[in-house]
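Numbering of residues begins at 1 and proceeds along the displayed sequence.
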Amino acid sequence: EQANIVAIVPVKGEINSNSAAHKLLSSSIETLKLAKYVNNIYLVSSDVSLAKQLDVISIDRRTILNIDSLDMDELLQKSLEVIESRGDFPEALLFVNYDYLDRPKGLFDELIRDAQYEGYDTVFPGYVDYGHYWVKSGDGEYKQTDDSLKGRSERQPVFRALYGLGCVTSSSIIRTGKLIGGKVGILPIVDFRHTLRLKDSDINDKCQM
């Protein structure tokens, strides 16, 4: 309860008030407000009025140099610099991509608890997958990630990273320009619906009809 954890929600472009994106953003913000261990919520957007509407703290995208050319690692690094310049010095950042259609209840607090009590520098959800996967190596040959054909009960799963669902990272890692680093923990996700995002559905089209 004593740790200072802040959430960062990046928004690119405009969001219409009657769109599915706006509904998901509002829902994500409300869920963050219900989290016990999130101290402040920062919205990184060019629309300053959007932060006021949602009653969160604004970081104006336009004040970050060359922001459209930054990857997410760099964007979070620059956002942390802005936050610290305002006298807020968080122990860790919670990165949230608002466009996930559904999140497990209590996810944000669970990620933060894992980071605090297990000593992780980074914690994110990972979808549990027992599939058989092949990758193409540098020499053009295909290789299995796991050549075992044993049943699920005898195999180790792989985890599909769901960073945007919620990723807690210590500020010391963020300052180096990385979202993932140090000692990493993964929170298993078994329900496939928690992997779905707005871009994977036709909800947005329906909302505009």
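- A chain of hydrophobic side-chain contacts below 4.5 Å, direct or via other Ile, Leu, Val, Met, Phe, Trp or Tyr residues, connects Ile64 to Met72.
- Between the side chain of Thr122 and the backbone N or O of Gly181, at least one donor-acceptor pair lies under 3.5 Å.
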Would you tabulate the side-chain donor-acceptor contacts of residues 172-180 under 3.5 Å, counting partners in other chains and residues two or more places apart, or write 'none'?
| unit_1 | atom_1 | unit_2 | atom_2 | d |
| --- | --- | --- | --- | --- |
| Ser172 | OG | Ser170 | OG | 3.1 |
| Arg175 | NE | Glu84 | OE2 | 3.3 |
| Arg175 | NH2 | Glu84 | OE2 | 2.7 |
| Thr176 | OG1 | Ile173 | O | 2.6 |

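- Counting heavy atoms from C-beta on, the side chains of Leu187 and Arg113 never come closer than 4.5 Å.
- Counting only residues at least two apart or on different chains, no ring pair (Phe, Tyr, Trp, His ring centres under 6.0 Å) pair has a member in residues 44-69.
- Nearest heavy-atom pair, Ile41 versus Val38, reported as atom, atom and distance to 0.1 Å: CG1-CG1, 4.1 Å.
- Side-chain atoms of Asp109 come within 3.5 Å of backbone N or O of Tyr37 as a donor-acceptor pair.
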- Message: Show, in sequence, the C-alpha distance, side-chain angles and deciding distance for Val48 and Ser58, and conclude whether the side-chain contact (heavy atoms from CB on, under 4.5 Å) test is met.
- Response: CA-CA 6 Å; Val48 178; Ser58 174; 3.8 Å; yes
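- Counting only distance, with no hydrogens or angles, the side chain of Arg62 and the backbone of Ser46 share a donor-acceptor pair below 3.5 Å.
- Leu93 and Ile67 fall within a single hydrophobic cluster, where Ile, Leu, Val, Met, Phe, Trp and Tyr are joined by side-chain heavy atoms under 4.5 Å apart, directly or via other members.
- Not counting sequence neighbours, the partners of Ser28 by the side chain to side chain donor-acceptor pair (under 3.5 Å) test are Arg103.
- Side-chain contact check for Leu196 versus Asp102: every heavy-atom pair is 4.5 Å or farther apart.
- Of all the heavy atoms in Tyr133 and Val158, the pair that sits closest is CE1-CG2, 4.0 Å.
- For the residue pair Pro125 and Ile186, the shortest heavy atom distance occurs at C-CG2, 4.3 Å.
- For the pair Ser26 and Leu54, the tightest heavy-atom approach, listed with the atom from each and the gap, is OG-CD2, 3.6 Å.
- In terms of the side chain to side chain donor-acceptor pair (under 3.5 Å) criterion, Asp71 has no residue partners (sequence neighbours excluded).
- Partners of Asp47 by side-chain contact (heavy atoms from CB on, under 4.5 Å), not counting sequence neighbours, listed by chain and number: Ser45, Ser49, Leu50.
- Thr63 places a side-chain N or O within donor-acceptor distance of the main-chain N or O of Asp60, the cut-off being under 3.5 Å.
- Remark: Glu30 pairs with Lys33 by the side-chain contact (heavy atoms from CB on, under 4.5 Å) rule, at least two apart or across chains.
- Under a hydrophobic clustering in which Ile, Leu, Val, Met, Phe, Trp and Tyr are joined whenever their side-chain heavy atoms come within less than 4.5 Å, directly or via other members, Ile5 and Phe89 fall into different clusters.
- The shortest side-chain heavy-atom distance between Ser69 and Glu74 does not fall under the 4.5 Å cut-off.
- Side-chain atoms of Val96 and Thr31, non-hydrogen and from C-beta on, never get closer than 4.5 Å to each other.
- Put simply, the side chain of Leu198 reaches to within 4.5 Å of the side chain of Leu24, judged on heavy atoms.
- Looking at heavy atoms from C-beta onward, Tyr42 lies out of side-chain contact with Ser79 at the 4.5 angstrom threshold.
- Taking both residues in full, the closest heavy atoms of Ser137 and Lys143 are given as OG-CE, 3.9 Å, listed atom of the first, atom of the second, then distance.
- Between Ala92 and Val168, the shortest heavy-atom contact is CB-CG1, 4.1 Å.
- In terms of the side chain to side chain donor-acceptor pair (under 3.5 Å) criterion, Asp55 has no residue partners (sequence neighbours excluded).
- One side chain, His22 or Gln53, offers a donor N or O that lies under 3.5 Å from an acceptor on the other.
- Going from atom CD of Glu81 over to atom CD1 of Ile59 covers 11.0 Å, rounded to the nearest 0.5 Å.
- By the 4.5 Å heavy-atom criterion applied to side chains, Leu165 and Pro104 are counted as neighbours.
- In this structure, Leu76 CG and Ile83 CD1 are separated by 9.0 Å, a value rounded to the nearest 0.5 Å.
- Among residues two or more places apart in sequence or in another chain, the ring-ring contact (aromatic ring centres under 6.0 Å, His included) test is passed with Phe192 by Tyr127.
- In terms of modelled atom types and a separation under 3.5 Å, the side chain of Ser85 and the main chain of Val82 share a donor-acceptor contact.
- For the atom pair Thr169 OG1 and Leu94 CG, the distance stands at 9.0 Å (nearest 0.5 Å).
- Within the 4.5 Å cutoff, the side chain of Asp68 has heavy atoms near those of the Arg61 side chain.
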- What do the steps show when you test Thr195 against Leu162 for side-chain contact (heavy atoms from CB on, under 4.5 Å), and what is the final call? CA-CA 7 Å; Thr195 72; Leu162 302 172; 4.0 Å; yes
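- Of the inter-residue distances, the one linking Glu91 atom CD with Ser171 atom OG reads 7.5 Å to the nearest 0.5 angstrom.
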- Message: Between Ile8 and Val44, does the side-chain contact (heavy atoms from CB on, under 4.5 Å) criterion hold? Intermediate values first, please.
- Response: CA-CA 7 Å; Ile8 294 185; Val44 185; 3.8 Å; yes
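- Tyr130 and Phe159 fall within a single hydrophobic cluster, where Ile, Leu, Val, Met, Phe, Trp and Tyr side chains are chained together by heavy-atom contacts under 4.5 Å.
- Put simply, Ile29 and Leu34 are part of two different groups of oily side chains (I, L, V, M, F, W, Y) that touch within less than 4.5 Å, one to the next.
- For Asn97, the side-chain contact (heavy atoms from CB on, under 4.5 Å) partners two or more places apart in sequence, or in a different chain, are Phe95, Asp99, Tyr100, Arg197.
- For the salt bridge (Lys or Arg N to Asp or Glu O under 4.0 Å) condition, no pair includes a residue of residues 116-142, sequence neighbours left out.
- Listed by chain and number, the residues in a side-chain contact (heavy atoms from CB on, under 4.5 Å) with Asn4 are Val6, Asn39, Asp88, Pro90 (sequence neighbours excluded).
- The distance from atom CG of Asn16 to atom NZ of Lys23, rounded to the nearest 0.5 Å, is 12.0 Å.
- The ring-ring contact (aromatic ring centres under 6.0 Å, His included) search around Phe124 returns Tyr163, not counting sequence neighbours.
- If you take CG on Leu65 and CG on Leu70, they are separated by 8.0 Å, rounding to the nearest 0.5 Å.
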